[in-house]
Amino acid sequence: MGVRVQCCSSFFFFFFFLFLGLASKVRGNGSGWDSKQCDWFTGTWVVDESYPLYQPDTCPFIEREFRCQGNGRPDLIYTHYRWHPLACNLLRFDGVDFLEKMRGKSIMFVGDSLSRNQWQSLTCLLHSAVPNSNYTLVRVGDVSIFTFTEYRVKVMLDRNVYLVDVVKENIGRVLKLDSIEGSKLWQGIDMLIFNTWHWWSRRGPTQPWDYIQLGGQILKDMDRMKAFEEALKTWGAWVDTNVDPKKVKVFFQGISPSHYNGSLWNEPSAKSCIRQKTPVPGSVYPGGPPAAVAVLKSVLSTIKKPVTLLDITMLSLLRKDGHPSIYGLTGASGMDCSHWCLPGVPDTWNEILYNLI
Ligand SMILES: *[C@@H]1O[C@H](CO)[C@@H](O)[C@H](O)[C@H]1NC(C)=O
Ligand SMILES: *[C@@H]1O[C@H](CO)[C@@H](O)[C@H](O)[C@H]1NC(C)=O
């Protein structure tokens with residue numbers, strides 16, 4: 001009997017390792033884009049009274065822009081939703097475990113205000129888990145550094161809205177789709193989480209460039225989706241040239257959606273997200289994902305080094321109730337259906353990030 005077991009288990013192990021070998025070959029040849037994970041991104045929102053993961057008063061540094069309750073938002077049901085993936089079991093965020101896993105390491109979000117939204121969420125999630133542990137928050141140029149001193153964990157934000165460079169030249173400010181000097185700030189970081197999208201459609205006075213450079217050509221403007229794609233390719237080439245996957249984990253925070261058109265969630269009378277109190281039920285957003293998602297996925301599939309897409313678009317599309325609306329930075333004179341209240345949806349992005357590391 002004992003002999004038989006031995007025979008069969010070594011037989012089993014032979015095939016097991018053969019399988020592992022084949023699997024790693026397939027991965028090695030294929031794209032680095034992480035598809036081996038379980039699908040965390042298809043699911044539905046369920047009410048769970050044990051959420052939110054922290055209370056606003058346990059996170060004193062939430063910026064006014066995201067501090068919806070503090071700005072007078074009266075309804076709170078939106079804070080009690082938990083993301084429920086259909087095919088996997090999402091572990092509840094554990095801040096102490098996260099800090100232990102990252103002890104001595106650095107995390108950097110790179111991108112626009114949606115990166116700031118996720119960065120703030122992560123600092124709140126961690127601080128509320130260890131409220132008596134010392135922290136420091138400093139800003140050096142475009143980089144904000146939140147340090148959990150006891151754990152020597154740095155959670156940083158590099159504000160860089162296009163990932164590629166905008167350079168002041170004699171003709172004006174030039175958005176250089178092939179130039180990525182800003183990447184100097186990303187060297188030596190253990191975990192990088194990139195994002196860019198919302199600024200690509202800017203026009204008029206808030207557009208922060210006058211010309212676009214692509215190759216040797218200087219252009220007054222070009223198709224914005226194409227420009228976005230070119231910049232992503234430049235970023236992808238940077239990843240392939242500079243990232244050592246043994247040392248650095250790279251994520252891309254997917255496209256974070258806005259809610260300014262109720263037709264897209266079968267409520268044509270809604271012209272914004274105001275007074276939206278509950279998510280879209282089910283797992284599918286009637287209006288479908290924004291076109292930028294397909295462009296992003298296509299560029300990610302060409303990158304050879306491992307990059308994990310935090311594919312948060314669909315789960316966030318369902319959350320028409322998660323934005324500040326008039327309870328954001330500008331109050332009643334504005335309407336913010338792009339950023340997210342905290343506590344809120346970005347906590348789920350970080351909860352998924354926690355499950356991925
Ligand atoms: C936190 O900082 C204070 C003041 O610098 C210091 O007295 C205290 O020992 C620190 N606590 C820990 C746990 O490091
Ligand atoms: C809202 O979405 C609908 C459906 O896609 C579209 O026909 C309409 O033009 C959009 N409205 C605005 C103001 O963009």
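Quick note: numbers below take in every heavy atom, side chains included, and nothing from hydrogens, waters or symmetry partners. Given the structure is predicted, the values throughout are model-derived calculations rather than measurements. In each ligand, atom 1 is the first atom listed, and ligand 1 is the first ligand listed.
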Handout entry: R82 and D48 ion-paired at < 4.0 Å
Key = yes

Problem - Salt bridge flag under 4.0 Å for residues R173 and D210 - result: yes

Completion exercise
Members sharing V46's hydrophobic cluster, built from side-chain contacts under 4.5 Å between Ile, Leu, Val, Met, Phe, Trp and Tyr, are none

Exercise for the section: Could I get the full list of side-chain contact (heavy atoms from CB on, under 4.5 Å) partners for L137, not counting sequence neighbours? Expected result: W119, F146

Problem - Pairs involving residues 277-310, ordered by first then second residue, that meet ring pair (Phe, Tyr, Trp, His ring centres under 6.0 Å) (sequence neighbours left out) - result: H259-Y285

Check ligand 2 for close polar pairs with the protein: N or O on both sides, less than 3.5 Å.
unit_1   : atom_1 : unit_2 : atom_2 : d
ligand 2 : 2 (O)  : N261   : ND2    : 2.3
ligand 2 : 11 (N) : N261   : ND2    : 2.9

Handout entry: Ring-face cation contact, Y51 with R92, 6.0 Å cut, 45° max
Key = yes

